Trainee: 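Take this structure, written in structure tokens, and hold onto it; I'll ask about it next.
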Amino acid sequence: MSDHEVIADNGFSPLIPEPPFKLMPSVEDYAMNLVNNLFEWFGSLGIFSWKVLQAAVTPPYEWRELIRQLDEVGSKSFPLIALAGAAIGVVISMEARYSLTRFGARSMFPATLVYSVIQVMGPIMTGLIVSGRVGAGMGAELASMKVSEQIDAIEASAINPYRLLAATRILACILMLPLLTLAADATGLLTGWFAQSMVEPLSFHQFIESGFHGATFSAFLPQTFKTAVYGLIIGTIACFQGMRTRGGAAGVGRAATNSVVIASLFVILADVVLVKFILVVFP
């Protein structure tokens, strides 16, 4: 009788060597992987942007899809933008009235409200709201098309998906962000004046005349049209995250979430850079 048979008769199993213990990755390895993934992501984003640019400037142009995306980004975002702008106008009105009264500068209320809404809150608020609504929608839509192989079918039909799906959405974001910003500014100023007039009589004509007294186009136009850069960021990030999705339904959820988070972060960073740029170019 062999040794293995004796062990089996005694109710014991032969010893099986345990797998070697795997050490946890070190901090240096984790940081290196993070840096590599970051560079890989930016490289993929650059390649994607170049393909979209090439597709956007070569005919045929997808005018019908562009008009549809203008409606999706613009008119369907208008109610939310107008409501948010109205809320911002009321909040700034109450805060400005309290602060200016405290320092004895109540006469500066119209100018304070106008400059606060148009130069500061209107553009960044519009960018963040659109990145939340439009970015998530575009990312989820393109991701679902990717995992269901609709994008592959479009490409097999001799249609450039970068021209049909990405370029039209990015261009729609670029064109509609300044217009949505103007809508947010208008509703913010209107509700700000209304909130002030409920406390202290102030005609709308006097409010507009005092608020825009001494203002020039260079004080407001750059702040409004810088949101076109926000639109470029939102559209590019959303389309990129959607068209590179993998992993079924879970991948669609990740694409929508990443589109909102990354686009919002890039919009905030772009705002910092653009504010400094505008202050230097338009002193």
Side-chain angles (χ1 to χ4, degrees), residues 25 27 30-52 69 72-74 76-81 83-85 87-88 120-148 151 161-162 165-178 180-181 184 226-276:
V27 177
Y30 180 80
M32 186 62 66
N33 291 333
L34 182 62
V35 172
N36 290 337
N37 293 334
L38 187 64
F39 277 105
E40 181 182 358
W41 187 86
F42 275 105
S44 300
L45 178 63
I47 296 173
F48 173 82
S49 302
W50 176 248
K51 290 181 179 179
V52 172
Q69 292 303 322
E72 288 287 336
V73 177
K76 294 185 178 179
S77 298
F78 175 77
L80 182 60
I81 293 295
L83 182 61
I88 290 296
V120 182
M121 295 304 302
I124 188 64
M125 179 203 65
T126 303
L128 292 177
I129 291 177
V130 172
S131 69
R133 181 197 171 275
V134 176
M138 286 184 179
E141 182 183 9
L142 294 180
S144 62
M145 295 178 66
K146 179 66 175 180
V147 299
S148 60
I151 295 180
Y162 294 99
L165 301 178
T168 53
R169 285 167 169 80
I170 295 173
L171 184 57
C173 290
I174 295 174
L175 295 177
M176 296 311 311
L177 258 293
L180 292 174
T181 303
K226 74 178 181 180
T227 55
V229 180
Y230 301 164
L232 174 64
I233 293 173
I234 295 168
T236 303
I237 295 297
C239 294
F240 173 66
Q241 290 295 132
M243 296 182 69
R244 71 193 293 263
T245 302
R246 294 181 180 86
V252 174
R254 287 194 301 268
T257 303
N258 292 338
S259 297
V260 175
V261 173
I262 298 175
S264 300
L265 177 61
F266 276 40
V267 164
I268 294 174
L269 296 178
D271 184 61
V272 176
V273 176
L274 290 173
V275 166
K276 181 61 177 178

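Computed from a prediction, not measured in an experiment: that's the story for all the values here.
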Trainee: Tell me, do Asp271 and Tyr230 make a side-chain contact under 4.5 Å, heavy atoms counted?
Mentor: yes

Trainee: Identify the two heavy atoms, one from Gly122 and one from Thr126, that lie closest to each other, and give their separation to 0.1 Å.
Mentor: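 For Gly122 and Thr126, the tightest heavy-atom pair comes out as O-OG1, 2.7 Å.
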
Trainee: Should we say atom CZ of Phe78 is surrounded by more than 12 heavy atoms from elsewhere, each under 6.0 Å from it?
Mentor: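 Open.
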
Trainee: Between CD of Glu40 and CG of Asn33, what distance do you get to the nearest 0.5 Å?
Mentor: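 So the gap between those two atoms works out to 11.0 Å.
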
Trainee: Test your reading of the model: is there a side-chain donor-acceptor pair from Ser144 to the backbone of Glu141, 3.5 Å cut-off?
Mentor: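 Present.
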
Trainee: Indicate the atoms forming the closest heavy-atom contact of Ala256 with Ala136, along with that distance.
Mentor: CB-O, 4.0 Å

Trainee: For the residue pair Gly242 and Ala255, what are the closest heavy atoms and their distance?
Mentor: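 Reported closest heavy-atom pair: CA-CB, 4.4 Å.
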
Trainee: Using atom types as modelled and distance alone, determine if a side-chain donor or acceptor of Asn36 lies under 3.5 Å from a backbone N or O of Met32.
Mentor: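 It does hold such a pair.
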
Trainee: Tell me, do Val52 and Cys239 make a side-chain contact under 4.5 Å, heavy atoms counted?
Mentor: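 Not in contact.
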
Trainee: Could you tell me whether the side chain of Ile81 reaches within less than 4.5 Å of the side chain of Val130, counting heavy atoms only?
Mentor: yes

Trainee: Are Val73 and Leu175 packed together at the side-chain level, in the sense that at least one heavy-atom pair is separated by less than 4.5 angstrom?
Mentor: no

Trainee: May I ask you to decide if Arg246's main-chain N or O and Arg254's side chain share a donor-acceptor pair within less than 3.5 Å?
Mentor: yes

Trainee: On a heavy-atom basis, which atom in Ile233 and which in Phe266 lie closest, and how many Å separate them?
Mentor: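 Shortest heavy-atom contact: CG2-CB, 3.5 Å.
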
Trainee: Please find the pair of heavy atoms, one from Gly135 and one from Ser259, that lie closest to each other, and give the distance.
Mentor: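 Nearest heavy atoms, Gly135 then Ser259: O-CB, 3.5 Å.
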
Trainee: Measure the spacing between OG1 of Thr245 and CG of Leu142 and express it to the nearest 0.5 Å.
Mentor: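 So the gap between those two atoms works out to 8.0 Å.
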
Trainee: Could you check whether atom CH2 of Trp41 has more than 12 heavy atoms from other residues, nucleotides or ligands sitting under 6.0 Å from it?
Mentor: yes

Trainee: Would you give the length of the straight line joining atom CD1 of Ile237 to atom CG of Asn258, rounded to the nearest 0.5 angstrom?
Mentor: 10.5 Å

Trainee: Quick one: are Val147 and Val252 in side-chain contact, heavy atoms under 4.5 Å?
Mentor: yes

Trainee: In Å, rounded to the nearest 0.5 Å, how long is the span from CD1 of Ile124 to NZ of Lys226?
Mentor: 7.0 Å

Trainee: What distance do Ser131 atom OG and Met138 atom CE have between them, rounded to the nearest 0.5 Å?
Mentor: 12.0 Å

Trainee: Quick one: are Pro161 and Met243 in side-chain contact, heavy atoms under 4.5 Å?
Mentor: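 Answer yes - side chains close enough.
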
Trainee: Check whether any side-chain heavy atom of Lys76 sits under 4.5 Å from a side-chain heavy atom of Arg133, and report yes or no.
Mentor: yes

Trainee: Please report the interatomic distance OG1(Thr227) to CD1(Ile234), rounded to the nearest 0.5 Å.
Mentor: 9.0 Å

Trainee: Quick one: does Ile268's side chain get under 4.5 Å of Leu128's, heavy atoms only?
Mentor: yes

Trainee: Identify the two heavy atoms, one from Ser77 and one from Val134, that lie closest to each other, and give their separation to 0.1 Å.
Mentor: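 Minimum heavy-atom contact is OG-CG2, 3.6 Å.
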
